[in-house]
Amino acid sequence: MWTRRGALALAAPFLATGAAAQSWPDRPIALVQGFAAGGNADTIARVIAAPLSAALGRPVVVEGRTGAGGNIASEAVARARPDGHTLILLTGGHAASAALYRNLRFDPVRDFAFISTVSVFPFVLATAIDGPITDIPTLIARARAAPGSVTFSSVGVGSTQHLTGELLAQMTGVELTHVPYRGGTQPLTDLMGRRIELMVDSVTVTGAAVRAGTIRALGVTSAAPWPGLPARPVAEAVPGFEVLSWVGLAAPAGTPEPVVARLHAELARVLDTPSVRETLAGLGSEARSSTPEEMRRFVEGQIETWRRVVTRAGIPQVD
């Protein structure tokens with residue numbers, strides 16, 4: 001039999017959640033990203049942090065927790081208190097890691113409250129301006145003549161850049177050697193110094209050097225030419241090849257629904273701001289928001305896509 005005391009006891013958690021949501025945010029918000037300073041994730045996190053700070057009335061502070069292709073950051077946020085004061089900028093590497101790692105210490109879907117996608121973007125395949133590789137056919141021929149001799153960079157094992165290189169090798173029947181970095185601009189430095197032969201990274205990292213003529217863009221991974229980038233699609237030399245990556249905002253699972261709803265609404269407004277859209281376009285990204293449920297379904301689909309790539313390429317899973 002229902003009693004007033006019993007009804008109040010059952011309602012208490014919901015009342016507490018509502019009260020917490022009404023007072024949120026009551027301190028600075030940490031926006032965690034898993035890659036080195038100066039990389040794509042770090043740069044985009046900072047692009048949205050400032051206007052979100054203004055909208056929410058509290059500082060949104062970008063924190064880098066690097067390593068393991070973004071998994072260190074993802075695990076930290078998955079285990080954080082779900083009160084809306086710890087967020088994460090997830091990248092395409094989140095889905096790639098779910099496909100490549102056998103024993104992640106978090107669930108890539110269930111442990112997160114998805115808020116919205118932020119942007120989508122292709123990768124650039126680039127090489128040294130004075131190197132022997134001048135286009136995609138030259139790259140394929142060189143790799144075919146000396147299997148394993150062509151090295152390519154990524155921002156970590158299990159990152160989308162890593163699997164993009166593996167997908168290229170799979171679709172062209174060649175063997176490439178993966179050289180993982182922690183992100184940032186070190187791969188660019190090593191490419192120009194001829195310590196690696198091929199770089200797979202975002203327009204954020206490669207664009208200025210491509211436009212300055214200090215590295216050569218062999219191709220872009222979008223199916224069509226990408227605005228502002230002087231490179232043809234890789235698909236023109238490798239039919240059917242396409243990789244379009246993404247970034248998105250999430251919080252720990254269990255974050256109060258009103259907090260998620262407000263974050264979604266404020267982020268959607270930020271992404272609709274002309275100055276933000278123009279800044280993201282200058283970084284080679286296209287601003288693109290979604291509902292929380294759309295982002296969840298999208299991430300689930302991306303995980304399945306990369307699992308198929310890992311299986312078909314025979315890439316051994318990482319413990």
> Should the pair His94 and Phe106 be assigned to parallel (<30°), tilted (30 to 60°) or perpendicular (>60°) ring geometry?
Replying inline: parallel

>> Using a 6.0 Å cut-off, check whether atom CZ of Arg102 has over 12 heavy atoms from anything other than its own residue.
In response: yes

> Regarding Asp190 and Gln186, is there a side-chain donor-to-acceptor distance under 3.5 Å anywhere?
Replying inline: yes

> Can the ring centres of Phe298 and Trp246 be said to be less than 6.0 Å apart?
Replying inline: yes

> Quick check: are there more than 12 heavy atoms from other residues, nucleotides or ligands sitting under 6.0 Å from CZ of Arg144?
Replying inline: yes

>> Do Leu280 and Leu271 make a side-chain contact, defined as non-hydrogen atoms from C-beta onward lying under 4.5 Å apart?
In response: yes

>> Show the nearest heavy-atom pair for residues Trp226 and Gly284, with the distance to one decimal.
In response: NE1-O, 2.8 Å

> Does Leu198 reach the side chain of Leu218, with side-chain heavy atoms less than 4.5 Å apart?
Replying inline: yes

> Under 6.0 Å from the CZ atom of Arg105, do we count more than 12 heavy atoms belonging to anything else shown?
Replying inline: no

>> Looking at Arg216, I want to see if its CZ is surrounded by more than 12 non-hydrogen atoms of other residues, nucleotides or ligands under 6.0 Å.
In response: yes

> Under 4.5 Å between any side-chain heavy atoms of His162 and Leu100, yes or no?
Replying inline: yes

>> Is it the case that atom CZ in Arg81 sees more than 12 heavy atoms from other parts of the structure closer than 6.0 Å?
In response: no

